[in-house]
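The basis for the numbers below is simple: all heavy atoms, side chains too, and nothing from hydrogens, waters or symmetry mates.
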Amino acid sequence: MGKVIPKQEGLDHSVDFLREGYLFVANRRKSFQSNIFESRLLGERVICLGGEEAAEVFYDADKFRRQDAAPKRLLKTLFGEDGVQTLDGAAHTHRKHMFMSLMTKENIDRLLRLTYREWNQIERMGEEIVLYDIAQEVLMKAVCEWSGVPLAKEEVGKRTEEMRLLFESGTSLGPTYLQGRKARSSAEAWIRQMVKEVRSNRLLPNEHTALYEFSWHRDESGELLPEDVVAVEVLNILRPTVAISVYVLFTVLALHQFPDVKEQVERGEVSKTEFVQEVRRFYPFFPVAAARVKTDFEWDGYAFSEGTLTLLDLYGTNHDSSIWTEPDRFDPSRFKDWNESPFNFIPQGGGDVDFGHRCAGEHVTIAILAQVIELFTKEYAYTVPPQDLSYSFVDMPSLPKSKLRLTHLTRNQ
């Protein structure tokens with residue numbers, strides 16, 4: 001007879017999840033002294049996992065599926081219906097290849113040229129800026145051009161706001177959630193019209209862009225994707241890129257809060273990539289990943305039943321003391337000798353980036369943040385005035401309260 005999974009007492013713990021946010025799973029892993037426990041969320045039995053070995057199991061496609069795993073409220077805001085995150089097996093592999101075909105070094109370098117141009121066209125140079133707001137517009141304008149999506153100057157504010165709502169509203173309640181659903185409908189209609197124009201040859205984007213590639217992509221049975229699915233997948237390029245603005249905040253915050261480490265970067269003792277990786281490990285980004293048990297199996301003596309919703313602790317795994325020495329200390333040097341396991345460092349998901357459910361844009365994130373370090377250590381002078389730089393582990397996404405105000409932002413001569 002197998003081991004019994006530790007069980008959290010009580011009828012439902014959805015309120016606790018909202019109250020504890022990123023720390024919900026990690027707190028219970030600690031209290032149970034176990035990397036697995038059972039809970040109930042939204043009235044459903046849920047198994048929660050954490051740690052490197054658990055992540056390896058969680059990303060085993062023979063054991064877990066993504067279909068019907070994400071809550072409907074996230075599909076209505078963050079992910080969209082029928083996107084790549086909801087697929088399994090051959091359908092997922094085929095669709096994921098569509099995304100990965102864009103992630104060549106040449107293509108990423110082109111995106112970096114566009115983001116660099118936009119950073120250097122900030123209109124309020126020399127005045128006080130809110131970095132979060134500026135970063136979103138920079139990334140939105142750059143990624144739209146990169147993706148072949150026409151973005152009129154008068155639309156920048158509206159469309160950037162829609163992308164923000166897509167990744168900020170999924171775990172919200174009340175009006176903010178409704179705003180997120182409205183933003184999803186508006187953004188999909190916007191892109192869907194472009195897909196119609198591409199397919200009727202009224203809009204001719206570059207052949208190496210997401211709008212072109214996705215509009216003409218054929219599924220594994222040889223059929224063009226439905227227009228609404230293409231719209232979802234193009235937004236799965238735009239929305240995550242704009243969401244990098246969260247990491248932009250934390251990257252510049254780390255440069256400010258850890259001046260000794262900043263000096264090590266400037267002297268070349270710590271690489272920009274090592275600094276970026278530690279930012280992604282140290283600060284909260286996404287709390288958990290969801291899947292359902294594909295078929296009955298046993299792991300570490302525990303029985304998993306088909307269909308059971310399972311959550312993997314992303315933030316907690318990145319702060320697991322059995323994996324990381326002094327996990328609550330900001331130390332980019334830990335990545336000098338990192339073994340590059342796809343299961344112990346999972347800020348944007350784990351597993352194989354080319355074929356699995358790890359974020360397709362992970363290399364884009366790293367490249368953009370390395371560029372931000374270059375800009376904010378060498379090319380820009382600025383002042384961080386007194387402000388509330390604290391961030392909450394309850395709010396999702398977590399952001400510094402002030403969204404990082406900078407004054408006297410100027411280009412170094």
Side-chain angles (χ1 to χ4, degrees), residues 77-80 83-84 98-104 106-123 131-168 180 182-199 202-217 225 227-248 359-365 367-369 371-372 375:
T77 52
L78 182 67
F79 297 130
V84 66
M98 178 183 78
F99 280 84
M100 296 310 299
S101 68
L102 300 175
M103 303 303 167
T104 63
E106 180 182 28
N107 231 8
I108 293 175
D109 286 345
R110 186 169 69 87
L111 177 58
L112 289 176
R113 290 193 294 273
L114 293 170
T115 54
Y116 184 82
R117 183 194 69 191
E118 295 301 333
W119 278 114
N120 284 289
Q121 290 181 353
I122 296 175
E123 294 179 356
L131 183 60
Y132 187 51
D133 298 340
I134 294 295
Q136 286 177 48
E137 285 205 359
V138 163
L139 294 169
M140 183 62 176
K141 289 190 282 188
V143 74
C144 280
E145 184 169 342
W146 186 68
S147 301
V149 173
L151 181 64
K153 185 175 182 179
E154 60 272 17
E155 278 197 302
V156 171
K158 175 186 177 181
R159 299 306 180 184
T160 303
E161 177 72 356
E162 287 176 350
M163 295 306 106
R164 181 189 68 79
L165 283 167
L166 294 188
F167 65 79
E168 283 192 6
K182 182 179 178 181
R184 166 62 62 180
S185 296
S186 174
E188 286 188 10
W190 175 51
I191 301 298
R192 192 163 52 243
Q193 180 59 36
M194 293 182 196
V195 176
K196 293 179 184 290
E197 293 177 6
V198 170
R199 289 179 172 176
R202 288 178 289 155
L203 179 61
L204 301 173
N206 184 287
E207 291 186 6
H208 301 293
T209 61
L211 181 59
Y212 180 91
E213 293 279 359
F214 294 5
S215 294
W216 297 112
H217 177 80
L225 297 177
E227 291 171 357
D228 56 347
V229 174
V230 176
V232 167
E233 300 297 36
V234 171
L235 291 174
N236 274 332
I237 293 288
L238 305 188
R239 182 260 310 159
T241 304
V242 176
I244 295 173
S245 57
V246 175
Y247 274 142
V248 171
C359 177
E362 187 169 31
H363 294 305
V364 168
T365 301
I368 287 175
L369 295 180
Q371 182 184 70
V372 166
L375 288 168

A.B. asks: On a heavy-atom basis, which atom in Pro205 and which in Gly148 lie closest, and how many Å separate them?
C.D. replies: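 The answer is CB-O, 3.9 Å.
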A.B. asks: Taking the basic N atoms (NZ, or NE/NH1/NH2) and the acidic carboxylate oxygens, is any pair closer than 4.0 Å for Glu155 and Lys158?
C.D. replies: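 Salt bridge: no.
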A.B. asks: Closest approach of Ala210 and Leu102, non-hydrogen atoms and distance?
C.D. replies: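 It is CB-CD1, 3.7 Å.
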A.B. asks: Can you name the closest pair of heavy atoms from Ala142 and Leu114 and give their distance?
C.D. replies: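 The pair with the smallest heavy-atom distance is O-CD1, 3.6 Å.
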A.B. asks: For Lys182, is there any backbone N or O sitting under 3.5 Å from a side-chain donor or acceptor partner on Ser186?
C.D. replies: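 No, because the side chain of Ser186 does not come within donor-acceptor range (under 3.5 Å) of the backbone of Lys182.
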A.B. asks: Ignoring hydrogens, what is the shortest heavy-atom contact between Trp190 and Pro150? Give both atom names and the distance.
C.D. replies: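 Here Trp190 and Pro150 meet closest at CZ2-O, 3.8 Å.
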A.B. asks: What's the spacing between Leu166 CG and Glu161 CD if we round to 0.5 Å?
C.D. replies: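 Here the rounded value is 10.0 Å.
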A.B. asks: What are the two closest heavy atoms between Arg110 and Glu145, and how far apart are they?
C.D. replies: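 Result for this residue pair: NH1-O, 4.1 Å.
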A.B. asks: Should Val230 and Ile191 count as side-chain neighbours, where that means a heavy-atom distance under 4.5 Å?
C.D. replies: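 Not touching, per the 4.5 Å side-chain cut-off.
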A.B. asks: Working to the nearest 0.5 Å, report the span between SG of Cys359 and CG of Asn236.
C.D. replies: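 The CG atom of Asn236 is 9.5 Å from SG of Cys359, to the nearest 0.5 Å.
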A.B. asks: With distance as the sole criterion, is a donor-acceptor pair present between the side chains of Ser101 and Glu213 under 3.5 Å?
C.D. replies: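 On atom types as modelled, these side chains do not qualify, holding no pair under 3.5 Å.
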A.B. asks: So, do Val198 and Trp216 sit near enough that their side-chain heavy atoms are less than 4.5 Å apart?
C.D. replies: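 Yes. Closest side-chain heavy atoms under 4.5 Å.
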A.B. asks: Treating Trp146 as the side-chain partner and Leu112 as the backbone partner, does any N or O pair qualify as donor plus acceptor under 3.5 Å?
C.D. replies: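 Side chain of Trp146 to backbone of Leu112, a donor-acceptor pair under 3.5 Å: no, none is there.
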A.B. asks: With the side chain counted from C-beta on, respond yes when Lys141 and Thr160 share a heavy-atom pair under 4.5 Å apart, and no when they do not.
C.D. replies: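 No. Closest side-chain heavy atoms not under 4.5 Å.
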A.B. asks: Strictly distance-based, threshold 3.5 Å: is any side-chain N or O of Glu233 a donor or acceptor partner for the main-chain N or O of Val84?
C.D. replies: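 Answer holds: yes.
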A.B. asks: Should Met103 and His363 be marked as a side-chain contact (heavy atoms from CB on, under 4.5 Å) after you check the CA-CA gap, both sets of side-chain angles, and the distance that decides it?
C.D. replies: CA-CA 8 Å; Met103 303 303 167; His363 294 305; 5.9 Å; no
A.B. asks: For Leu151 and Cys144, which heavy atoms make the closest approach, and how far apart are they?
C.D. replies: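 In terms of heavy atoms, the two residues are closest at CD2-SG, 4.0 Å.
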A.B. asks: Any side-chain heavy atom of Met163 within less than 4.5 Å of one from Leu235?
C.D. replies: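 Yes, at least one pair of side-chain atoms sits under 4.5 Å.
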A.B. asks: Which distance, rounded to the nearest 0.5 Å, do you find between the CZ of Arg202 and the NZ of Lys196?
C.D. replies: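 The NZ atom of Lys196 is 9.0 Å from CZ of Arg202, to the nearest 0.5 Å.
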A.B. asks: Give the C-alpha distance, both sets of side-chain angles, the deciding distance and a yes or no for side-chain contact (heavy atoms from CB on, under 4.5 Å) between Val372 and Trp119.
C.D. replies: CA-CA 9 Å; Val372 166; Trp119 278 114; 4.2 Å; yes
A.B. asks: Does the pair Leu211 and Val195 meet the rule for a side-chain contact (heavy atoms from CB on, under 4.5 Å), with working shown?
C.D. replies: CA-CA 7 Å; Leu211 181 59; Val195 176; 4.3 Å; yes
A.B. asks: Looking at side-chain heavy atoms only, is the closest gap between Arg192 and Asp228 below 4.5 Å?
C.D. replies: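 The answer is yes, as the side chains (C-beta and beyond) meet within the 4.5 Å cut-off.
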A.B. asks: Report the distance from atom OG1 of Thr77 to atom CD of Glu168, rounding to the nearest 0.5 Å.
C.D. replies: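 Between atom OG1 of Thr77 and atom CD of Glu168 there are 11.5 Å.
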A.B. asks: Does the side chain of Leu225 come within less than 4.5 Å of Met98's, by heavy atoms?
C.D. replies: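 In short, these two side chains touch, coming nearer than 4.5 Å.
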A.B. asks: Is it true that Glu188 and Arg184 make a salt bridge, defined as a side-chain N closer than 4.0 Å to a carboxylate O?
C.D. replies: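 Salt bridge between Glu188 and Arg184, a charged N being under 4.0 Å from a carboxylate O: yes.
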A.B. asks: Do Tyr132 and Val246 come within less than 4.5 Å of each other through their side chains, counting heavy atoms only?
C.D. replies: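 They are in side-chain contact.
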A.B. asks: Tell me, with the steps shown, if Val143 and Val364 meet side-chain contact (heavy atoms from CB on, under 4.5 Å).
C.D. replies: CA-CA 11 Å; Val143 74; Val364 168; over 6 Å; no
A.B. asks: Working to the nearest 0.5 angstrom, can you tell me the gap between Ile244 CD1 and Leu369 CG?
C.D. replies: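 Answer for the CD1-CG pair, Ile244 versus Leu369, is 6.5 Å.
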A.B. asks: What's the spacing between Leu139 CG and Thr241 OG1 if we round to 0.5 Å?
C.D. replies: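 Atom-to-atom, Leu139:CG and Thr241:OG1 are 7.5 Å apart.
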